Number of protein chains: 2
Amino acid sequence: MDKQPELCRVDDALNILVGKWKPIILLTLLQQGTKRFSELKRSVPGITQKMLTNQLRELEKEDIITRKVYAQVPPKVEYSITEYGKSLEPILVAMHDWGTAHNLHKKNIISN
Amino acid sequence: MDKQPELCRVDDALNILVGKWKPIILLTLLQQGTKRFSELKRSVPGITQKMLTNQLRELEKEDIITRKVYAQVPPKVEYSITEYGKSLEPILVAMHDWGTAHNLHKKNIISN
DNA sequence: CTGTATCCAGGCGGATACTG
DNA sequence: CAGTATCCGCCTGGATACAG
């Protein structure tokens with residue numbers, strides 16, 4: 001049942017990153033800083049309100065992002081990466097770099 | 001529907017790594033080299049034959065691992081990381097390092 | 001503007017049994 | 001030894017409607 005202690009350490013990071021919209025949400029917040037709910041919705045084309053809320057809540061639970069509510073009408077809520085969340089950036093960068101190379105790999109296969 | 005080109009690059013890597021047993025399978029092959037089906041099964045406690053086959057097939061499709069069948073009785077099949085698959089190692093290492101630090105983070109929260 | 005509540009389809013992963 | 005085949009429960013994510 002248990003995995004090797006050394007090996008399963010990767011699963012913690014993976015579980016946090018996994019979610020249809022989490023990577024793009026995190027990258028948006030990392031690159032563009034604090035954003036309102038509606039701004040995020042615009043920054044992530046195709047996402048529904050339900051899913052945006054859902055993914056944000058999960059990231060918040062993991063202490064990767066923070067949620068700041070302004071008591072006003074109309075409502076205003078801002079989301080930001082936590083310091084802890086910023087520690088995920090090297091992983092996202094590694095994946096982004098790999099993704100770029102992956103694209104080239106696929107093109108090479110096709111061209112052969 | 002479409003995401004920003006730059007941002008969605010991370011999804012390619014993520015999709016390949018996602019799967020309940022893929023990370024540990026990859027790390028095992030990376031660290032210990034070529035392994036037979038039964039050896040992998042022993043290296044990944046708790047996995048069923050169905051899931052081991054399933055995860056191996058998916059990694060094979062992505063050209064991350066190779067499958068070598070020896071025409072003999074009893075059957076012998078060996079799995080190895082491809083050169084291309086090795087390019088995933090930095091990502092796995094980054095996640096492993098993060099997972100280790102994450103453990104400390106959780107401990108700190110508890111101790112506060 | 002920033003959510004919640006429902007319903008629903010598809011896929012993932014587990015248990016189990018069977019096979020060349 | 002190295003798989004396949006089947007059944008099945010659960011969770012994820014999409015569509016849609018409603019709400020403070």
Side-chain angles (χ1 to χ4, degrees), chain A residues 1-3 7-8 10-12 14-26 28-29 32 34-62 64-80, chain B residues 1-3 7-8 10-12 14-26 28-29 32 34-62 64-80:
Chain A
M1 183 59 205
D2 283 336
K3 304 175 184 178
L7 294 177
C8 68
V10 305
D11 284 346
D12 293 329
L14 208 49
N15 289 334
I16 289 177
L17 263 5
V18 167
K20 177 116 175 239
W21 310 94
K22 283 176 190 171
I24 194 175
I25 289 172
L26 289 176
T28 301
L29 290 176
Q32 303 178 30
T34 298
K35 289 227 170 227
R36 299 183 57 169
F37 186 86
S38 53
E39 290 175 324
L40 275 175
K41 186 149 167 37
R42 261 177 277 116
S43 296
V44 185
I47 197 171
T48 62
Q49 287 183 337
K50 175 197 163 188
M51 281 312 294
L52 182 53
T53 302
N54 174 295
Q55 304 279 286
L56 289 170
R57 292 289 181 277
E58 291 187 13
L59 291 170
E60 195 188 354
K61 260 183 210 160
E62 298 293 336
I64 305 303
I65 65 174
T66 53
R67 178 171 180 265
K68 181 170 184 182
V69 181
Y70 294 83
Q72 62 182 49
V73 179
K76 174 180 174 181
V77 181
E78 285 182 343
Y79 293 91
S80 324
Chain B
M1 182 59 204
D2 283 337
K3 303 175 183 177
L7 293 176
C8 70
V10 305
D11 284 346
D12 294 329
L14 208 50
N15 289 334
I16 288 178
L17 263 4
V18 166
K20 178 117 175 239
W21 310 94
K22 283 177 190 171
I24 194 174
I25 289 172
L26 289 176
T28 301
L29 290 177
Q32 304 177 29
T34 299
K35 288 225 172 230
R36 299 181 59 168
F37 185 85
S38 54
E39 290 176 324
L40 275 175
K41 186 151 168 33
R42 261 177 277 117
S43 298
V44 185
I47 196 171
T48 60
Q49 287 183 335
K50 175 199 162 186
M51 282 311 296
L52 182 52
T53 302
N54 173 298
Q55 304 280 286
L56 289 170
R57 292 289 180 280
E58 291 188 13
L59 291 170
E60 195 188 353
K61 261 182 209 161
E62 297 294 336
I64 304 302
I65 64 175
T66 53
R67 178 170 181 268
K68 182 170 184 182
V69 182
Y70 293 83
Q72 62 182 50
V73 178
K76 175 179 174 181
V77 180
E78 285 182 344
Y79 293 91
S80 323

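Note that the structure is a prediction, hence the values are computed from the model and not measured.
- Here the side chains of B/R67 and B/L56 are not in contact, with every heavy-atom distance at 4.5 Å or above.
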Verdict with supporting geometry, A/I65 and A/E60, side chain to side chain contact (heavy atoms under 4.5 Å, CB included): CA-CA 5 Å; A/I65 65 174; A/E60 195 188 354; 4.2 Å; yes
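- Side-chain N or O atoms of B/N15 include one that pairs as donor or acceptor with a backbone N or O of B/D11 at under 3.5 Å.
- In terms of phosphate contacts, B/R57 brings a side-chain nitrogen or oxygen within less than 4.0 Å of OP1 or OP2 of D/dT4.
- A distance of 11.5 Å separates CD1 of A/I24 from CD of A/Q55, quoted to the nearest 0.5 Å.
- Once rounded to the nearest 0.5 Å, the distance linking CD1 of B/I25 with CG of B/L59 reads 6.0 Å.
- Residue A/R36 has no polar side-chain atom (N or O) positioned under 4.0 Å from OP1 or OP2 of C/dC1.
- A heavy-atom distance below 4.0 Å to DNA chain C is reached by these residues of residues 48-55 of chain A, ordered by number: A/Q49, A/K50, A/T53.
- Atom CZ in B/F37 sits roughly 11 Å away from atom C1' in D/dT4 (whole-Å rounding).
- Legend: residues meeting side chain to side chain contact (heavy atoms under 4.5 Å, CB included) with B/K35, ordered by chain and number and at least two apart, are B/T28, B/L29, B/Q32, B/E39, B/L40, B/S43.
- Note that CD of A/Q49 and CZ of A/F37 are 5.5 Å apart. Values are rounded to the nearest 0.5 Å.
- Within residues 70-78 of chain B, the residues having any heavy atom closer than 4.0 Å to DNA chain D are, in order of number, B/P74, B/P75, B/K76, B/V77.
- Contact record, A/R57 with A/Y79: NH1-OH, 3.3 Å, taken as the closest heavy-atom pair.
- Between A/R67 and C/dT2 there is no side-chain N or O to OP1 or OP2 distance below 4.0 Å.
- Taking atom CD1 on B/I25 and atom C1' on C/dG13, their separation rounds to 13 Å, with Å as the unit.
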